[in-house]
Every structure is written in C-alpha cells, then in structure tokens.
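The structure appears below as structure tokens.
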Protein chains: 4
Amino acid sequence: MTRARPDRKQRANGVESRRRILEAAVEIAGERGYEGTSIAVVSAKCGLPASSIYWHFKDKDDLIAAVIERSFETWLAAVVLPGEDAGTPLERCVAMAADIARSLVDAPDFLRLGLMLALEHRPVEPQGRVVFREVREVARQRLAEVVRTLFPALDESAVHLLVTYAVAGGDGLFVQRETRGEEVDLVAMFELHARTVYGMAEGMPAGG
Amino acid sequence: MTRARPDRKQRANGVESRRRILEAAVEIAGERGYEGTSIAVVSAKCGLPASSIYWHFKDKDDLIAAVIERSFETWLAAVVLPGEDAGTPLERCVAMAADIARSLVDAPDFLRLGLMLALEHRPVEPQGRVVFREVREVARQRLAEVVRTLFPALDESAVHLLVTYAVAGGDGLFVQRETRGEEVDLVAMFELHARTVYGMAEGMPAGG
Amino acid sequence: MTRARPDRKQRANGVESRRRILEAAVEIAGERGYEGTSIAVVSAKCGLPASSIYWHFKDKDDLIAAVIERSFETWLAAVVLPGEDAGTPLERCVAMAADIARSLVDAPDFLRLGLMLALEHRPVEPQGRVVFREVREVARQRLAEVVRTLFPALDESAVHLLVTYAVAGGDGLFVQRETRGEEVDLVAMFELHARTVYGMAEGMPAGG
Amino acid sequence: MTRARPDRKQRANGVESRRRILEAAVEIAGERGYEGTSIAVVSAKCGLPASSIYWHFKDKDDLIAAVIERSFETWLAAVVLPGEDAGTPLERCVAMAADIARSLVDAPDFLRLGLMLALEHRPVEPQGRVVFREVREVARQRLAEVVRTLFPALDESAVHLLVTYAVAGGDGLFVQRETRGEEVDLVAMFELHARTVYGMAEGMPAGG
DNA sequence: AATGAATGAGGATTCATTCAT
DNA sequence: AATGAATGAATCCTCATTCAT
C-alpha cells in the first residue's frame with residue numbers, strides 16, 4: 001500500500017530551491033563581498049540548510065560565480081536599450097547612458113560585487129572574478145560595436161581608448177553614488193558622461 | 001655558562017611595533033580587503049604575536065581604520081604636486097593628473113582598500129569606511145580649491161559637478177588598471193581625463 | 001583489504017549527542033559555575049568537538065540554560081514524594097523534607113549551579129539565571145500548595161512568608177553542607193527545619 | 001640642578017593605589033565571581049594599568065583573597081552590635097539580627113562573593129575560598145559564644161546545631177533577597193529567624 | 001532532491017602574567 | 001612605586017565542507 005507522503009515540504013523542487021539560494025546569495029554578496037558571504041548566512045536567509053546549498057553548488061566559489069552570472073543577467077534585463085529610431089545619434093547615446101544609470105540604481109548588486117571582486121588580489125583567484133571579467137569583456141565588445149557603428153572612421157586603438165574611458169567613467173560614477181548616496185544624481189552624471197565621450201570621439205583623428 | 005636569552009625581543013619599543021603592524025596590515029588589507037585581513041596573517045607578516053596587535057589597536061576595526069589613515073598619508077606623500085610656474089594652466093593640470101596616476105601605480109593600496117570598503121554595505125559600517133570617506137572629502141576639497149582658482153567664474157554647483165566627475169574618472173581608470181593590468185597606461189589615461197575635464201570647465205556657463 | 005573506517009562515529013545521532021553534551025556540561029558547570037565551564041572542557045569530557053556543541057546549542061549561554069533545565073528535571077525525578085497515607089501531617093512534612101535532603105545529596109548539581117548563577121549580578125543576565133528563577137518559582141508554587149492544604153486558615157501573605165522561610169532554610173543548609181562537607185547531616189537538618197516551619201505555621205494567626 | 005618632576009601622577013602613593021585596586025575589585029568580584037573578575041576589568045575600573053596590580057598583589061588569587069578580607073572588614077564595620085543593656089535577651093537577639101540584615105543590604109559584596117566561592121568546587125582551591133571559610137569560622141565562634149552565654153545549660157552539640165541552623169537561615173534569606181530583590185524584606189525575615197532560633201534554643205533539652 | 005549531524009581549521013579577542021625601564 | 005609593552009595559552013564561536021541517510 002502506497003501512502004502519499006503527507007508532510008513533505010512542497011514537493012522537492014530543485015529549480016525553485018536553486019533560485020532561492022541565488023536570490024539570498026546575490027543580496028548578501030552584494031552587501032558584504034566574497035569573504036563576507038558565509039554559507040551559514042546565505043542558508044539563514046534562504047531558509048535551506050547549508051548542506052542543501054552544497055547540493056546545488058560545488059563549493060562557495062561556485063556559488064559566488066553563479067551569483068555574478070545571475071546578477072549580471074538580472075541587470076542586463078533591466079537595461080532597456082532605446083529604439084534605434086529615436087533622434088540623433090548623440091541623443092540616442094545619451095538615452096542609452098541614462099538607461100544604464102537607471103538600471104544600476106535599481107540593480108546595483110552586480111556591479112558592486114563585481115568591482116569588489118575585481119579590486120581584490122587574493123592568492124587564488126575566485127572563479128567569480130573570472131566570470132566578472134568575462135561578462136565585462138562582453139559588455140566592452142558591445143560598446144565597441146556601438147562606437148564603430150557611430151564613428152566608422154576611428155581605428156581600433158581609438159575605439160579601445162574610448163571604450164575604456166567610457167566604462168571607467170561609468171564605474172567611477174557608480175562608486176560615487178555608492179559612497180555618497182542619493183546626493184549623486186547618477187542619471188544626470190551618466191548623461192553628462194555620454195555627451196563628453198561623444199564629443200571626445202568626434203574630436204578624434206580619423207584613420208590609422 | 002651564561003646563555004644569552006635566546007629570543008627576548010630587543011627592548012620594547014611601542015612606536016616601532018605599531019609601525020611594523022601597520023606596514024604588514026596595509027599590504028594585506030590592500031590585497032584582500034577587510035574580511036580577508038585576518039589578525040593571524042598580519043601577526044605572521046609583522047612577526048609580533050596576535051595579542052600584541054591588540055595592545056596597539058582596540059580591535060580589527062580600529063586596525064583597518066588606522067591602515068586607511070596611514071596609507072592615505074603614504075599616498076599623499078607620494079603625490080608631488082608640480083611647481084606653479086610650469087606652463088599654462090592646462091599643462092599644469094595635466095602634469096598634476098600624471099603625477100597622481102604615477103602615485104597610484106606606486107602606492108595603490110590606499111585607493112584599492114578604500115574602494116573595497118566604500119563598496120561594501122554591511123549592516124554595521126566599519127570605521128575604516130568612515131575614515132575613507134573623510135579623507136576623500138579632504139581630497140575633494142583640495143581639488144575644488146584648484147578648480148575655483150582656475151575658473152573663478154564658475155558657481156558652486158558647477159565646481160561640485162566638475163569635482164565629482166573628475167574624481168569618478170580617476171577612480172574608474174584606477175579600477176581599469178587594477179582589473180586589466182599593465183595593458184592600461186594609467187598615466188596617459190589620467191592625462192586625457194585631465195584635458196577632458198579642463199575642456200568641460202571651459203565650456204561651462206559662468207555665474208550663478 | 002578493506003579497512004574499517006577508523007574513527008567515523010557511529011551513525012550520527014543527534015539526540016544521543018545532545019544528551020552526552022548535557023551530561024558533561026551538567027557535571028562541569030555544577031562544579032565550576034558559568035565562567036568556569038569552558039566549551040573546550042565540555043568538549044573534552046563528552047568526546048565531541050567544540051563545533052558540534054554549537055550544532056546543538058546556539059551558544060554557551062544556551063547550553064548553560066539547558067543544563068539548568070535538565071539538572072532540575074533530574075533532581076525532580078530524584079524527589080520521591082511520600083505517600084499521602086503515611087502518618088500525621090507533620091510526619092509527612094518531615095518525611096518530605098528528608099527526601100528532598102537526600103535528593104540534594106545525591107544530585108547537588110542543580111542547586112549548586114543555580115545558586116551560583118543566582119548570586120551573580122553581571123551586566124547582561126545569563127539565560128541560565130532566568131531559567132533557574134523560573135523553575136524555582138515552580139517549586140515555590142508547589143510548596144505553597146502544600147502549605148495551603150495543610151493550613152487552610154492562613155492568608156496568602158502568611159503562606160508567602162512560610163514558603164520563603166522554608167526555601168531559605170533549605171538553601172542555607174545546602175550551602176553549609178557544600179562548605180563543610182559530610183560533617184553536616186543534611187537529612188537531619190532538613191527534618192529539624194521541617195518541624196520548625198511546621199510549628200511556625202501552627203503558631204500563625206488565622207484569617208486575613 | 002634638581003628639577004621638580006612637573007607632571008608625575010600625584011606623588012606615587014602605594015597605600016592609596018592599593019585601596020583603589022581593592023575597591024574596584026570588590027565591586028567586580030561581588031558582581032561576577034572569581035572567574036568573571038579579570039585583571040583587565042579591574043584595571044579599567046580603578047584606572048591603574050594591569051601591571052600595577054601585579055606590583056601590589058602577587059597574582060589574581062592573592063587579589064581575590066585580599067578582596068574577601070577587605071570586604072569582610074567593611075561588612076564587619078557595618079555591623080553595629082547593640083548595647084548589652086537594651087531589653088530582654090530575646091529582644092537583643094532580634095535587634096542583633098536586624099542589624100546584621102541591614103549590614104547585608106548595605107554591603108552585600110562580602111557574602112555574595114563568599115558564597116559564590118564557597119559553592120565552587122574547582123580543582124585547585126582558590127585562596128579566597130580558604131579565607132572565606134576562615135572568617136566564617138570566626139563568625140561562627142562569636143555566635144556560639146553568644147549562644148553559650150544566653151543558654152548555659154546547652155551542651156556543645158546543641159550549640160553547634162543552633163549555630164549551623166542560624167547561619168544557614170541567614171545565608172538562605174540573603175540568597176532570597178539577592179534573587180528576588182526588594183520584594184524580600186530582609187530585616188523582617190532576619191527578625192523572624194532570630195525569634196525562631198531563640199525559641200528552638202529554649203525548647204532544647206539541657207545537659208549532655 | 002535534500003538534510004541533520006558532524007568536524008577540523010581558523011576566526012577575533014581576552015587571559016593572567018612577565019619584564020625592562 | 002609604577003608602567004608600557006609584550007606574550008603564549010586560552011577564550012567563545014564561525015568557517016567551509018562532508019557524509020550517511
């Protein structure tokens with residue numbers, strides 16, 4: 001005679017559990033960084049025992065790497081790139097920057113954790129740091145593509161320079177916002193930055 | 001036969017010990033951040049037992065705060081501001097930026113640790129984070145003074161904006177250098193940034 | 001050749017482990033008090049590593065509180081109250097007192113630790129002290145019930161007074177026994193005390 | 001040329017320092033017991049460095065023993081025994097008890113710490129425990145003398161019994177007061193106890 | 001798919017004590 | 001008479017991880 005298990009948690013559901021773990025971990029890692037994110041704290045926050053976390057993730061490093069990936073996706077989803085028809089190229093750039101700024105205000109965890117990982121120089125590099133560099137490189141390439149489209153005359157080293165400068169400004173402004181709080185109008189600063197970079201591109205010599 | 005006492009440390013010297021501890025801690029904290037800086041590792045690096053560290057510093061928080069302060073001073077000392085006679089204002093700005101870039105390459109610990117602390121949002125704020133914000137504000141004020149001198153027509157909100165943008169660019173470029181290594185020519189990027197901010201200031205409307 | 005795993009503990013058994021920890025802790029805490037009961041010593045005595053103790057108890061405070069509870073229960077179980085048919089009320093009181101005295105000689109840990117905790121006035125009250133007060137109040141209520149049954153004419157303040165005096169005498173005699181050892185015949189003293197309190201009750205004015 | 005030392009603490013004064021240390025230690029030990037009284041806390045409370053405490057006392061054990069002695073003297077000084085002319089013997093006994101009760105309310109540290117030490121059974125007996133037993137024995141002898149004077153017909157074992165019972169009641173009532181606070185009227189309870197013991201003595205058979 | 005229990009290593013911090021000055 | 005500095009051992013507790021079920 002087969003009895004239905006009466007009291008089993010809601011029918012064990014791996015996907016849902018994984019999601020809960022990641023959600024908890026994103027929040028904590030975004031606040032406290034790699035070392036500050038202990039399995040015990042994540043366990044407490046998501047309600048699953050520590051050993052269950054190890055069922056879903058090989059080890060802490062693996063978890064943090066997954067956190068970076070997930071928070072990157074969450075962030076990407078928050079970036080709604082503007083339609084291509086909207087105004088002059090400059091205006092479109094500015095709108096894009098504003099949009100990115102808004103997404104960083106709404107979902108800052110990805111960049112915050114990523115920058116923390118990026119700044120650390122620990123003996124054995126965490127996988128999460130590698131993942132961050134990878135997704136960042138993806139972002140760089142996309143941005144480079146935009147630059148090449150708008151300024152086809154620029155050579156590769158100029159594109160490279162512009163992208164580096166653009167990303168650096170974004171990171172730095174984000175840090176300002178994180179440090180000084182709402183006093184910093186991230187959207188306005190990103191718009192200013194976009195205009196500046198655009199002007200810089202226009203002023204650059206064409207060709208190789 | 002009288003044995004020389006084998007290990008009795010040379011006459012107790014508080015100032016020197018404190019210096020040794022800080023020196024070790026700066027290096028470690030600059031690499032591994034707040035949580036990654038364990039007292040045991042600092043103890044091993046400086047050669048004093050952990051309990052001696054607690055003679056000189058109330059707790060880990062106090063130590064890290066002192067680390068921030070000391071590394072800031074070290075860094076400041078490394079910034080050799082250019083003489084006032086050297087060329088046009090723009091040239092002097094560019095030289096100053098290059099100098100700061102060089103100091104960040106030589107003594108990156110201060111800013112690296114500071115940014116790590118700045119990005120953390122832990123429930124109870126570490127004292128080191130507070131100190132970082134304070135010394136940063138000092139730096140901001142100095143920069144604001146330079147801007148006011150060069151562009152007396154600008155109103156305060158414009159000065160504020162310029163300073164924020166200038167610092168953000170510096171931070172962001174530093175992060176690029178930390179992430180991507182020597183591939184990033186920090187001095188050149190800082191010079192470019194200085195020129196850009198200078199141009200931005202010139203283009204700003206005067207008056208309140 | 002298959003070696004038996006040398007030390008892998010017999011199948012994990014939480015209930016049994018908890019019991020072992022408590023058993024060790026009762027003994028140690030009963031001898032050395034709160035501060036004298038180090039987790040390391042308990043760990044050594046029960047054979048489980050310190051970290052396992054923290055699986056079963058939130059912290060030391062929690063452990064000591066559980067110790068109080070458990071030793072109270074052990075002690076209660078050792079008190080075999082006399083049948084209700086045995087002789088005059090006075091005789092039954094005396095028999096009860098003798099029984100309690102015997103239980104305190106056999107299982108003194110509860111009261112010894114409890115009194116130590118009760119006497120401490122530390123800034124943050126240990127949970128064990130709270131628990132001790134609670135179980136003691138239970139004991140007081142039981143005793144009050146006995147008094148009310150035997151002397152229905154007494155008003156509440158008289159009952160209260162009698163109970164306080166009775167318990168105080170018990171505690172004080174216990175302390176004598178702990179201080180001066182077997183020279184003190186605890187059973188005889190408790191019997192004397194019972195007779196005294198009984199007489200005191202008889203001599204009290206009835207009514208409110 | 002002899003310069004007056006300008007800034008030396010008030011002219012080093014051993015007696016005064018010793019007093020300050022003991023005063024701090026009495027309070028702390030009375031609150032937290034033997035183990036809870038750390039040299040560092042005493043040092044913080046009295047304002048002298050820990051090493052100075054070791055100039056005045058051989059070690060912690062020595063300090064605690066001195067604490068017991070000093071708090072005993074303080075307490076004794078607070079006990080103002082009543083003149084011999086005041087009323088009947090019973091009345092004088094009651095007055096004496098009331099006086100002791102008052103002294104215990106005013107200066108409870110001695111008995112509180114003493115009882116804590118008495119209850120502990122640590123492997124190596126602290127000197128303070130020995131001192132407590134000694135001063136207690138002195139108190140017992142005094143009380144025995146009083147009993148012998150008032151009831152010359154009693155034999156030694158009866159005296160012994162009465163003293164034990166009297167002291168036990170006092171200790172127990174003190175514990176009640178410590179546990180339950182001002183709700184317990186220590187003076188009234190001590191008076192009741194005195195009357196009870198007096199009555200007990202009267203009821204005892206004379207002779208050997 | 002999940003988890004209760006366990007565990008050794010290491011975390012920060014405090015301990016009583018010593019010693020040169 | 002006093003103290004700044006130092007120190008090894010011990011404190012409580014958390015860590016990441018494993019494993020039998």
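Just so it is clear: chains get the letters A, B, ... in the order the sequence lines come, proteins before strands, and each one is counted from 1.
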Once you round it to whole Å, what is the distance between [atom2] of [N] and [atom1] of [X]?
| X | N | atom1 | atom2 | answer |
| --- | --- | --- | --- | --- |
| C/R20 | E/dA5 | CZ | P | 14 Å |
| D/Y54 | E/dT17 | OH | C1' | 5 Å |
| A/F57 | F/dT18 | CZ | C1' | 18 Å |
| A/I53 | F/dA16 | CD1 | P | 10 Å |
| B/I39 | F/dT14 | CD1 | P | 18 Å |
| A/N13 | E/dT3 | CG | P | 12 Å |
| C/K60 | F/dA10 | NZ | C1' | 12 Å |
| C/D61 | F/dC13 | CG | C1' | 13 Å |

Item to check | CD/A/E23: more than 12 non-hydrogen atoms of other groups inside 6.0 Å | outcome: yes

Checklist entry - Got a sec: does the CD of C/E31 have more than 12 other heavy atoms crowding it under 6.0 Å? => result yes

Next on the checklist: Under 4.0 Å, counting only non-hydrogen atoms across every strand here, what does C/S43 touch: a base, just sugar-phosphate, or nothing?
Outcome noted: nothing

Next on the checklist: Applying a 4.0 Å non-hydrogen cut-off, can you work out what B/S52 is touching in the nucleic acid: base, sugar-phosphate, or nothing?
Outcome noted: base

Checklist entry - For E/dG4, does OP1 or OP2 lie under 4.0 Å from any side-chain N or O of C/H56? => result no

Checklist outcome for this item: Ranking A/D59 and C/A40 by the position along DNA chain F of their nearest nucleotide, the one closer to 5' is C/A40

Item to check | Residue closer to the 5' end of DNA chain F, C/Y34 versus A/A50 (nearest nucleotide) | outcome: C/Y34

Item to check | Geometric cation-pi criterion, C/R122 with C/Y34: 6.0 Å, 45° | outcome: yes

Next on the checklist: On DNA chain E, does the nearest nucleotide to A/L48 precede the nearest nucleotide to C/S17 from the 5' side, or the other way round? Give the residue.
Outcome noted: A/L48

Checklist outcome for this item: Applying the 3.5 Å cut-off to both distances, the Watson-Crick or G-U partner of F/dT3 turns out to be E/dA20

Checklist entry - Can you find a donor-acceptor N/O pair under 3.5 angstrom joining the side chain of C/W55 to the base of E/dA5? => result no

Next on the checklist: Suppose we call a contact any N or O donor and acceptor under 3.5 Å apart; does that hold for the side chain of A/S51 and the base of E/dG4?
Outcome noted: yes

Checklist entry - Distance-only, no hydrogens or angles: does the D/D61 side chain make a donor-acceptor pair with backbone N or O of D/Q127 under 3.5 Å? => result yes

Checklist outcome for this item: The residue among B/V26, B/I64, B/L113 that forms side chain to side chain contact (heavy atoms under 4.5 Å, CB included) with B/T37 is B/I64

